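Beneath this line is the structure, given in structure tokens, with notes to follow.
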Amino acid sequence: MDPRALAALIRQSALAHLADMSPSPELSEDDIALERPKNRDHGDWATSIALKLAKVVGSNPRDLATAIADNLLDHEGIAAAEVAGPGFINISLDAGSAGELVRTIVQAGDTYGSSSDMAGQVINVEFVSANPTGPLHIGHTRWAALGDSLVRVLRAAGASVTSEFYINDQGVQMDKFGLSVVAAAEGKPAPEDGYQGEYISDLARRVLEMVPDLLEMPESARIETARDRAYELQLADITASLSRFNVRFDVWFSERTLHTPGKSGESLIDESVERLRAGGHVFDDEGAVWVRTTDFGDDKDRVIRRANGAYTYFAADAAYYLSKSDRGFWKKIYLLGADHHGYIHRLKALAGAAGDDPEVNVEILIGQLVSINGAKLSKRAGNIIELDDLQTWLGTDALRYSLARYPADSPLTLDSDILTKRSNDNPVFYVQYAHARTHQVARNAAAAGVTTDTFEPSTLTHETESALIASLGDFPRVVAQSAELREPHRVARYLEEVAGVYHRWYDACRVSPQGDNPIEPVHGTRLWLNDATGHVLRNGLSMLGVSAPERM
RNA sequence: GCCCUCGUAGCUCAGCGGAUAGAGCAGAAGACUUCUAAUCUUUUGGCCGCAGGUUCGAUUCCUGCCGAGGGCGCCA
């Protein structure tokens, strides 16, 4: 019996008891609030449903709990249902019924943990979105790890997700970038406010290889050529860095495409201003064009087109937002650093002005900054800590895992000493080792002649076995909840728990018989449990973009 | 000044209203003739920043204060 089936059963029992009430209370399976108690004495599962219902139906929680518990006991597979504390119901499943879950997991394989809870939701997740004017730094690294994991978790929950990188390849920063590369190519110092660091001279050298006559070109062509070639190279570097980091984007959206005039002679930005105007959210004042974002909760109206005729950055934001809507995304999720939280109001306002519901169609996840002890600033790129350096230093697995195991809104200081340790201190190794151990156990079982031909779940009676089974049963709910709350760190924390329970089980229960002892049904059955654990660990690690080695 | 996030064990952090607030590390004591000891067992350690409020019940929700970080533009 898996948790969902149990929740359905509890619901049924509660409703049976309350059937003669009028009106009979609404009760969904989500209301059951099934949880696994920390304390083993409290059974395999516990529910506070009686406490919640007592308020609604106006009866004593303990009496209500007793009635529901009695009803539950009549059902197959329930070994115990006891009322405890103010009205909790502690439930124990009988071993056979609980163990059936193991077969379900193994048969589901790679798909165990996935669900269709979010089926039909078409979601765009935008993250990283760095200027293509230099290498990615530690801040981008956090959003890359978190964003990619979030995308994977949402997909596992059944949503249809597109990951997107918005390339700020237009504007003043790009021009500065071009000037900086030209200066380096000419052997001159970087311009005021320009980009510095060895990577700029590297780019200049590479551009000169591609365009040997660069320095003979007229100035404007020279700057433009240098800018665009260096941009190409830098973007390719960023893509390669992310790819090594196991992060891939479905869409690389160039800001330039918003500025480029289309067939009608109008750019997408021109069109979007007109669309907002048609919606009645635009006004003119002192020669500038404004969007009345205060109608949608912004603290001030925003200029979209300056008095000098130039569009503001907000104009590109607007066009970009409309593009996402036009491309059919029902929900737009943005991952932004804390230094961008000022965007929240205007993005929401933009959604409102575009005719969307800001509370439904836009979600902005603000992440706090991350730092790391012991990291060296990049020599190549100047005063930053580079993703590439971090990755070479710590490895993709340790870096991705340790960034994904904390909620985005907690300020984070990573400890490089721990991340480079290959022991219990380092959670990623703890989890990966547990996975490798499931494979080692399976190899040993094969050598000892233990097979999965026998499966007798009623033999899984050890307390570590019921704990492990219950833990494995939690996986789909953890994934669904992580997706719902946009908190992939819950998957990581869960995997650590599974790994711990598995290690304790391993310590207590043998899959291969010791010495010359005969092979019994329990051994084959435990091999099933072992394999089921391997599936859960592998599936979970995969959602975090972390490898699941079969040997370590 | 206004806005956002955070404040939980010595450290790094979990805990979307529930039972005695948890994990890892650090400190103390143990377990390898054993399917991998990269593991496991036991143990020390808390005015959950402070003060109110809502609730049968608050670390969790609300308000104020204190502390840390970040943000406010016809910049991008």
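None of these values were measured; they are calculated from a predicted model. Letters A, B, ... mirror the listed sequences (proteins, then strands); counts begin at 1.
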- Message: So, using ring-ring contact (aromatic ring centres under 6.0 Å, His included) as the criterion, who are the partners of A:His489 when residues are at least two apart?
- Response: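 For A:His489, no residue satisfies ring-ring contact (aromatic ring centres under 6.0 Å, His included) once neighbours in sequence are set aside.
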Which nucleotide in the set [options] lies at the smallest distance from any side-chain heavy atom of [X]?
X	options	answer
A:Arg306	B:rC74, B:rC16, B:rG73	B:rC74
A:Ala288	B:rG73, B:rG71, B:rC74	B:rC74
A:Arg510	B:rU34, B:rC13, B:rC74	B:rU34
A:Arg437	B:rG73, B:rC74, B:rU39	B:rU39
A:Arg504	B:rA19, B:rC40, B:rC72	B:rC40
A:Phe88	B:rG15, B:rG73, B:rA19	B:rA19

- Query: When the distance from CH2 of A:Trp290 to C1' of B:rG73 is rounded to whole Å, what number comes out?
  - Reply: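 A:Trp290 atom CH2 is separated from B:rG73 atom C1' by 11 Å.
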- Message: For a quick check of understanding: with a heavy-atom distance under 4.0 Å over all strands, which category does A:Asp415 fall into, base, sugar-phosphate or nothing?
- Response: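 A:Asp415: no heavy atom of the nucleic acid under 4.0 Å.
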- A:His340 near the nucleic acid: base, sugar-phosphate alone, or nothing, with a heavy-atom cut-off under 4.0 Å?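 Result for A:His340 = nothing.
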Output a table of nitrogen or oxygen pairs between the protein and nucleotides 4-7 of chain B separated by less than 3.5 Å.
from: B:rC4; atom 1: O4'; to: A:His341; atom 2: NE2; distance (Å): 3.4
from: B:rU5; atom 1: O2'; to: A:Gln368; atom 2: NE2; distance (Å): 3.1
from: B:rU5; atom 1: O2'; to: A:Asp409; atom 2: O; distance (Å): 3.0
from: B:rC6; atom 1: OP1; to: A:Asp409; atom 2: OD2; distance (Å): 3.4

- Give RNA chain B the dot-bracket treatment, 5' to 3': Watson-Crick (N1-N3 with N6-O4 or O6-N4) or G-U (N1-O2, O6-N3) under 3.5 Å, [ ] crossing, | other strand. (((((((..((((....[...)))).(((((.......))))).....(((((..]....))))))))))))....
- Message: Rounding to an integer number of angstrom, what distance separates B:rC47 and B:rG10 when you compare their P atoms?
- Response: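 Here B:rC47 and B:rG10 have their P atoms 7 Å from each other.
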- Task: Mind telling me whether A:His281 and A:Phe296 have parallel, tilted or perpendicular rings, with 30° and 60° as the class edges?
- Result: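 Perpendicular.
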- Proximity of A:His340 and A:Tyr334 rings by center, below 6.0 Å: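 A:His340 vs A:Tyr334: aromatic centres not under 6.0 Å.
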